[in-house]
Structure formats: C-alpha cells, structure tokens
Amino acid sequence: MTDRLTGAAGRQYVTDAIRCALRSGDLVPGQRLVENDLAESYGATRGAVREALQDLAAEEIVEIVPRRGARVRTVSVEEAIQITECRSALEQLCARKAATRADEEQRAELRRIGADMRRAVADGAWDAYSALNQRLHELVIEASGQEVARRHLGRLNGPMVRFQFRLALRPGRPAQSLPQHLAIIDAVVSGDAPAAAQAAATHLDDVIEQLRSSAVSSPSQVPLRP
C-alpha cells in the first residue's frame, strides 16, 4: 500500500510507537511482536517494522529469537539494579560537569523544571511530574557536554524503557523524590560541582533501594524507573 509509512521515517515512527506502547503498558515484557500486526497497527510497511525491531534489539529493548520472531525483552530486578549502578556513576559525572559548564539558558530551564515539579506534586499531576523528571535528567546530561557519557546512558536506559514512568507513579514516590531532584537542580544552578555529584548519587542510591523493594512483589521483572 502506497499510503503506508516506509523508509527512515517509517522506521523511526515505529520505533517511537513501540517505546510509547512499552511505557504505557500496551506492550509488556515477554510479549511477541508480530511484524504483520505491528505494520497494521502503525500503518507502516513490514520493512519499516523489521528495521525498527532491529534497532530496538540493538538497544536490548527487544530480543529477536531465530525462527521464533521478536518479543519484548524482560529485565530482571538484578539487571535493573546493575544498570542503575552504572547510570549512577555516569550521572554523577554529568552532574559534576554540568555544574561548571551549564549556560544561563540551561540554568534557567533547570529552575523552571524545579518550580514545575513542585506544582506537579502539589497538584497530584503524576504524569507531568514523570515527564519533568525525564527532562531534568536529560538536561543535566546535555549541560555536561559529556557526549561519551550521553551515549552510554542512552544504551543503558534502553532496556528500562518499559518502566520509564512507573516509579514516579508509585504512591508517595513523587513527594519522596522531589527533594532529591531539587537538590540536583540547586547544586547545578549554583555551580557546586561536588554537591551536584553527591545529589545525583543520593537520588540513584534511592532508586536502587526502590528497585530492591520491588523484587518482593514482582521478582521476575522491574515495574519502575526513576
């Protein structure tokens, strides 16, 4: 069909659509990904779907089993903890560098994110808070100018895409994590590199504890991400 998405645009559209479906829970760990079904759902060619699945497999979000097709890869709690430990080391580096390298526009955006996070918690706007959480981490990495760390963090975060917004939605979690995020913002904005690194470490240590606690109720897969 000529009206189906194809080429690089179709490939990117399907990749983004699958990521979105994983975050929302429309796709779950272990679920089979059938090319024909995905092509029909997303209005793309099978070729675009196949290429998107290969991209997601390279990011370890999807696994492709010979003669059995593709499925959503399941991430164990232990693997998620190890991923977060690696993230912590890299995000501490980025926070430290962001404190000295961030420009005024980036510092202003960090202040806005902090204010918006406070409002989101006060209003119970958990989806908004989760999106702000993601933007905060992205902005600190951008401000650091550490491109090698950015690439590695992108790869580390790939297997966790299914859980990207889950932790922020746990009862009481936004109020718990808000001071941690504000501490990162305050340290970066004020140019205090050691404090920025320590705030990032404190936040990711708490995420690891949350992951460990999740193992009690869901030992086979991780239902959350910072």
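These figures come from a predicted structure and were not determined experimentally.
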Undergrad: Does some side-chain heavy atom of V14 sit less than 4.5 Å from a side-chain heavy atom of L5?
TA: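 When only atoms from C-beta onward are counted, V14 and L5 do not touch, as no gap falls below 4.5 Å.
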
Undergrad: What closest approach, in Å, do Y42 and Y13 show between heavy atoms, and which atom pair accounts for it?
TA: O-CE2, 3.5 Å

Undergrad: If you measure from CG on L211 to OG on S76, what distance do you get to the nearest 0.5 Å?
TA: 10.5 Å

Undergrad: Heavy-atom count around R111 CZ within 6.0 Å, excluding the residue itself: above 12?
TA: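 Atom CZ in R111 is packed in, count exceeds 12.
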
Undergrad: Do any pairs count as a side chain to side chain donor-acceptor pair (under 3.5 Å) and have a residue in residues 100-109, sequence neighbours left out, and if so which ones?
TA: E109-R135

Undergrad: Given the rule that I, L, V, M, F, W and Y join up when any side-chain heavy atoms are under 4.5 Å apart, are I185 and L93 in one cluster?
TA: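 No, separate clusters.
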
Undergrad: With a 3.5 Å cut-off and no angle check, do the side chains of E209 and S213 form a donor-acceptor pair?
TA: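 No.
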
Undergrad: Check step by step if side-chain hydrogen bond (donor to acceptor under 3.5 Å, both in side chains) holds for S130 and Q134.
TA: CA-CA 6 Å; S130 186; Q134 183 181 20; over 6 Å; no

Undergrad: For residues 181-200, which residue pairs qualify under salt bridge (Lys or Arg N to Asp or Glu O under 4.0 Å), counting only residues two or more places apart or in two chains?
TA: none

Undergrad: Any side-chain heavy atom of Q180 sitting closer than 4.5 Å to one from L204?
TA: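 No - every pair of side-chain heavy atoms lies 4.5 Å or more apart.
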
Undergrad: With no hydrogens and no angle check, do the side chains of S88 and Q92 hold a donor and an acceptor under 3.5 Å apart?
TA: yes

Undergrad: Ring-plane angle category for H203 and H137, please: parallel below 30°, perpendicular beyond 60°, tilted otherwise.
TA: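 Ring orientation, 0 to 90° scale: tilted.
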
Undergrad: Can you list every pair that meets side chain to side chain donor-acceptor pair (under 3.5 Å) and has a residue in residues 53-64, with sequence neighbours left out?
TA: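 Output for this query lists R11-D55, R19-E59, E63-R71.
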
Undergrad: So, using side chain to side chain donor-acceptor pair (under 3.5 Å) as the criterion, who are the partners of N36 when residues are at least two apart?
TA: R46

Undergrad: Out of curiosity, L182 CG to L136 CG, how far, rounded to the nearest 0.5 Å?
TA: 9.0 Å

Undergrad: Compare every heavy atom of T74 with every heavy atom of G30, then report the nearest pair and how far apart it is.
TA: N-OG1, 3.6 Å

Undergrad: Would you check if L38 and L53 make a side-chain contact, meaning some heavy-atom pair closer than 4.5 Å?
TA: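 They are in contact (side-chain heavy atoms under 4.5 Å apart), so the answer is yes.
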
Undergrad: Taking all non-hydrogen atoms of both residues into account, name the closest pair between P174 and Y129 and its distance.
TA: O-OH, 3.5 Å

Undergrad: How close do A195 and A187 get, heavy atom to heavy atom, and via which atoms?
TA: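 Taking every non-hydrogen atom into account, C-CB, 3.7 Å.
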
Undergrad: Heavy-atom distance under 4.5 Å between the side chains of R73 and P29, does that happen here?
TA: no

Undergrad: Can you list the residues that meet the side chain to side chain donor-acceptor pair (under 3.5 Å) rule with R155, with sequence neighbours excluded?
TA: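 Checked R155 against side chain to side chain donor-acceptor pair (under 3.5 Å); zero matches.
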
Undergrad: Take E51 and Q12 through the side chain to side chain contact (heavy atoms under 4.5 Å, CB included) test and state the conclusion after the steps.
TA: CA-CA 9 Å; E51 290 173 345; Q12 189 61 54; over 6 Å; no

Undergrad: Would you say that R151 contacts V148 through its side chain, given a criterion of any heavy-atom pair below 4.5 Å between the two side chains?
TA: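 Answer yes - side chains close enough.
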
Undergrad: With side chains defined as the heavy atoms from C-beta onward, is the minimum distance between I184 and E91 less than 4.5 Å?
TA: no

Undergrad: Run the numbers on L132 and R118 for side chain to side chain contact (heavy atoms under 4.5 Å, CB included), then give the verdict.
TA: CA-CA 10 Å; L132 290 163; R118 290 179 188 273; over 6 Å; no

Undergrad: Rounded to the nearest 0.5 Å, how far apart are CG of D205 and CD of Q210?
TA: 12.0 Å

Undergrad: Drop me the distance from L33's CG to L56's CG, to the nearest 0.5 angstrom.
TA: 8.5 Å

Undergrad: Got a second to check how far R87's CZ is from L156's CG, nearest 0.5 Å?
TA: 8.5 Å

Undergrad: Which residues pass the side-chain contact (heavy atoms from CB on, under 4.5 Å) test with I141, not counting sequence neighbours?
TA: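 Partners of I141 by the side-chain contact (heavy atoms from CB on, under 4.5 Å) criterion, ordered by chain and then number, come out as C94, R150, L153.
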
Undergrad: So, taking the atom named CD in E79 and the one named OG1 in T84, what distance separates them when rounded to the nearest 0.5 Å?
TA: 10.0 Å

Undergrad: Restricting to non-hydrogen atoms, name the atom on V188 and the atom on A196 that form the minimum distance, rounded to 0.1 Å.
TA: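 Residues V188 and A196, closest heavy atoms: CG2-CB, 4.0 Å.
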
Undergrad: Under 4.5 Å between any side-chain heavy atoms of V72 and V28, yes or no?
TA: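 A side-chain contact under 4.5 Å is absent here.
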
Undergrad: Do I64 and L27 share a hydrophobic cluster, counting only Ile, Leu, Val, Met, Phe, Trp and Tyr and linking them when any side-chain heavy atoms are less than 4.5 Å apart?
TA: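 Yes, I64 and L27 fall within the same hydrophobic cluster.
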
Undergrad: Could you report the tightest heavy-atom contact between A120 and W126, atom names first, then the distance?
TA: O-CZ3, 4.1 Å

